[in-house]
Amino acid sequence: MHADMERVAGEKMMLNFGPQHPATHGTLRIVLELDGETVVKATPHLGYLHTGFEKLGEHLDYNQYIVVTDRMNYLSPLSNNFGYVLAVEKLLGLEIPKRGEYVRVIMAELSRLADHLIWLGMGALDLGAFTAFLYGFKEREKLYNIFEKTTGARLTTSYTRVGGVLRDLYDGFEEEVNAFLSAFPKTLKEVHTLLTRNRIWMDRTKEVGVISGEDAISYGLTGPCLRASGVEHDLRKAEPYSSYEDFDFDVAVGDNGDVYDRYLVRMEEMVQSCHIVRQAMDNLPEGPVNVPDNKISLPEKKDAYGHIEGLIHHFKIIMDGHGVQPPRGEIYSATESPNGELGFYIVSDGSGTAYRIRIRPPSLLQYQVVPHMIEGGMVSDVVAVLGSLNVIAGELDR
Amino acid sequence: MSEEENDTTSSGKSPVVFERVKEQFQDGVLDLSEEFDELSLVAHRDSVYEILEFLKNDAKLSYDFLVDVTAVDYSQMEDVLTKYDYARFMVVYHLYSYKTGDRLRVKAPVHEKELSVRTVTSLWKGAAWLEREVYDMFGITFENHPNLRRILMPDDFEGYPLCKDYPLRGRGERETFDFERQNA
Amino acid sequence: MGLENRSDDNIITTTVDKVINWGRKNSLWPMPFGTACCAIEMMATLASKYDLSRFGAEAIRFSPRQSDLLIVSGRISLKMMPVLKKIYDQMPEPKWVISMGACASCGGVFDTYTLIQGVDQFLPVDMYIPGCPPRPEDLIDAVMQIQRQIDSGELPKGTLSDANSASVTG
């Protein structure tokens with residue numbers, strides 16, 4: 001019996017990890033070649049959630065496509081909406097009213113919080129720390145309430161419009177956000193107490209999945225994963241868009257590029273996001289949130305129902321082939337989404353529908369780096385690394 | 001994006017990167033343009049690798065970050081087709097420099113009869129999957145690519161979904177979906 | 001509970017099926033097949049505020065062998081469908097299927113070359129939840145309706161005709 005079970009030296013075992021595995025969050029799959037517990041080779045597979053987003057972009061008009069961007073990185077739909085409309089506005093050469101820009105920043109930063117909370121909850125859950133998941137969701141539910149009151153939906157918000165946002169903030173928004181912001185640091189502190197100096201957490205995350213700054217750039221990493229490797233780069237600072245230059249905040253940077261640093265960078269980013277939201281709330285300018293251009297922004301409902309002009313404008317924007325029509329040309333516009341550089345490359349042929357929309361997903365490049373991080377490590381490291389990268393399948397596969 | 005602020009603009013007219021590239025590759029550059037505050041460079045298919053290599057390694061330009069690789073099927077845009085000798089596809093590279101903060105778009109027209117470009121995986125490790133996606137979606141091959149196979153679509157999928165002649169709802173793949181074949 | 005007769009203060013009589021169904025209904029073990037946005041709402045349902053364990057269905061099992069309720073939440077692509085089918089086939093009978101959200105039920109807003117337009121083409125779905133994504137309350141409601149179905153002795157749609165395969169008849 002024993003003789004049968006003895007492992008032949010050098011014999012490798014193949015382990016199919018995913019696509020249905022609790023740590024792959026649905027749809028990632030990695031084929032691991034193991035020598036005992038050591039990962040010799042890892043081959044990631046993707047495409048299990050391929051939805052044809054880019055093809056759809058060639059068939060929907062510019063405002064319709066906002067709905068599709070929601071469903072891309074579904075942890076933070078508001079950031080996607082934001083990044084996409086900025087691209088279209090660049091093509092149109094639109095300048096958004098200051099208040100509109102601030103409102104977008106507030107919502108984008110709140111959505112960054114929501115994103116990092118899920119990442120925190122799921123990443124910790126994968127390593128066996130269930131409490132952080134519940135704490136994270138407790139806070140996220142508060143954000144859901146704010147999102148729902150502002151946009152009408154908890155998750156798929158579709159809040160931004162080309163030329164502004166769906167509607168202005170509701171009465172009482174400020175009080176609710178302030179209540180959230182004052183309670184939130186306590187939760188963060190609790191999580192820090194649970195994890196940051198926790199022996200098990202540190203053992204499982206420190207010096208696991210290390211990537212150097214140089215490699216991170218070569219692999220095209222962006223966002224928290226890049227900054228954890230010591231590269232101080234944040235598009236909100238490097239190429240400020242939508243009034244980010246008005247706000248004072250720090251860019252969180254790590255040293256070692258391991259799972260632990262990626263954890264700390266994201267934790268610090270949450271603090272900074274709160275900081276930005278607070279500044280934006282304090283200095284929120286008065287005025288309209290939408291571009292005062294009847295060919296871009298929908299008229300008020302009372303105008304659409306009460307005046308023939310309003311009705312015509314409404315009709316023209318909604319009607320197929322009459323809506324927003326940017327000039328011919330091509331642009332690339334990038335924003336700092338919670339996961340990194342989310343870019344939109346739009347080729348316009350002058351009609352109401354894009355000729356080609358390319359989405360530059362941060363997750364794709366983050367997932368590509370998995371073999372580099374886990375080869376030579378242990379099987380259990382795979383879970384820690386995947387959790388720390390926060391690969392979102394919707395954005396990965398599009 | 002903010003070329004004016006950075007010192008890449010020489011004498012207020014043509015950006016430095018254009019001057020440098022033109023100097024180095026006279027025949028390889030087909031077009032240089034600046035639209036929407038973005039620099040765009042169209043390079044000949046055969047010299048695009050050398051140009052990208054130069055852009056990356058030149059100490060002054062130092063475009064060290066390959067943001068994205070993608071392609072566009074221009075078969076329904078007549079003026080672009082005629083401009084580049086009826087090259088149906090355009091492989092598009094987006095570059096960024098951590099040193100100067102500049103962005104640059106490099107495009108290479110590709111004809112249907114020689115549907116391939118030299119891979120840039122030796123310059124940027126991250127290019128591997130981006131190029132695989134271009135292959136998967138457009139059928140453009142990359143010479144010397146270490147692992148060029150489908151990435152998003154199933155391995156036995158036929159057709160290239162992002163080509164303009166491919167219908168949005170597919171060519172009946174959804175209707176004729178068969179477990180036996182998929183499991184094989 | 002299916003109390004049929006009461007002969008003494010401490011004795012109740014009922015059928016074995018009723019007792020089994022009572023147990024089954026109050027301890028559904030879901031297998032979450034979460035692929036996209038709906039999975040996030042499913043997580044919210046399981047988390048502290050909505051707390052699916054109030055309905056006895058919090059024992060999430062990522063192994064199909066240990067679960068009897070498949071929650072398909074999210075878009076299912078052509079590449080994913082064989083995986084889903086394999087997971088469904090591995091679940092022991094009786095098994096129920098919830099198709100959560102528009103994408104799983106009919107393809108939703110994504111009428112594209114790669115998406116299955118409704119998993120019910122390949123799986124027997126017992127409960128559809130509309131919404132994109134549905135609210136956690138909707139998912140709870142669907143679980144409760146499944147519980148009601150079990151309680152009434154109704155067979156899940158996917159039950160084999162073989163009489164030995166299931167003992168849910170009431």
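Only this structure's heavy atoms are used, side chains among them; waters, hydrogens and symmetry mates stay out. Every chain is numbered from 1 and lettered A, B, ... according to where its sequence line falls, protein lines coming before strand lines. All of these numbers come straight from a predicted model, not from anything done at the bench.
Ionic pairing of C:Lys95 and C:Asp68 is not present here: no N-O contact between side-chain nitrogen and carboxylate oxygen is shorter than 4.0 angstrom. Using a cut-off of 4.0 Å between Lys/Arg side-chain N and Asp/Glu carboxylate O, C:Arg148 and C:Glu154 are scored as not salt-bridged. Ion pairing between A:Arg358 and A:Glu54 holds under the 4.0 Å rule for side-chain N and carboxylate O. A salt bridge links A:Arg154 with A:Glu141: the distance from a Lys NZ or Arg NE/NH1/NH2 to an Asp or Glu carboxylate oxygen falls below 4.0 Å. With respect to the salt-bridge test (charged N to carboxylate O, under 4.0 angstrom), the residues A:Arg112 and A:Glu109 qualify.
In this structure, chain A has heavy atoms under 4.5 Å from both the backbone and the side chain of C:Ala36. The part of A:Glu148 that comes within reach of chain C is its side chain, from C-beta onward, which places non-hydrogen atoms under 4.5 angstrom from that chain. If you measure heavy-atom distances from A:Leu56 to chain C, the contacts under 4.5 Å come from the side chain alone. There is no contact between A:Leu125 and chain C, counting heavy-atom distances below 4.5 Å. Using a 4.5 Å cut-off between heavy atoms, C:Pro32 contacts chain A through its backbone alone, with no side-chain atom that close. In this structure, chain C has a heavy atom under 4.5 Å from the side chain of A:Phe53, while its backbone stays farther away. Only the side chain of A:Ile118 comes within contact range of chain C, with heavy atoms under 4.5 Å apart. At a 4.5 Å heavy-atom cutoff, A:Ile392 makes no contact with chain C through either its backbone or its side chain. Contact of C:Cys132 with chain A is made through backbone and side chain together, with heavy-atom distances under 4.5 Å. Only the side chain of A:Arg140 comes within less than 4.5 Å of a heavy atom of chain C; its backbone N, CA, C and O stay farther away. Within the 4.5 angstrom heavy-atom criterion, only side-chain atoms of C:Met31, from C-beta onward, approach chain A.
Here A:Phe147 and A:Tyr144 keep their ring centres 6.0 angstrom or further from each other. Taking the six-membered ring for Trp and the full ring otherwise, the centers of C:Tyr88 and C:Phe33 sit at least 6.0 Å from each other.
Counting heavy-atom pairs closer than 4.5 Å to chain C, the top-ranked of the candidates A:Ala393, A:Gly121, A:Gly136, A:Gly52 is A:Gly52. Contact count versus chain C (heavy atoms, under 4.5 Å) is highest, among A:Leu60, A:Thr51, A:Thr156, for A:Thr51. Of the listed residues (A:Asp70, A:Val68, A:Leu134, A:Leu49), the greatest number of heavy-atom pairs within a distance under 4.5 Å of chain C belongs to A:Leu49. Per-residue heavy-atom pair counts under 4.5 Å with chain A were compared for C:Ile40, C:Ile76, C:Leu115, and the maximum is reached by C:Ile40. Contact count versus chain C (heavy atoms, under 4.5 Å) is highest, among A:Lys55, A:Arg71, A:Lys138, for A:Arg71.
A cation-pi arrangement is present between C:Lys79 and A:Tyr48, with the terminal nitrogen or guanidinium carbon under 6.0 Å from the aromatic centre and inside a 45° cone about the axis.
Within 6.0 Å of atom NZ in A:Lys189, 12 or fewer heavy atoms from other residues, nucleotides or ligands are found, so the atom counts as exposed in its surroundings.
A:Thr27 and C:Thr35 form no side-chain donor-acceptor contact under 3.5 Å, judged by distance and modelled atom types alone.
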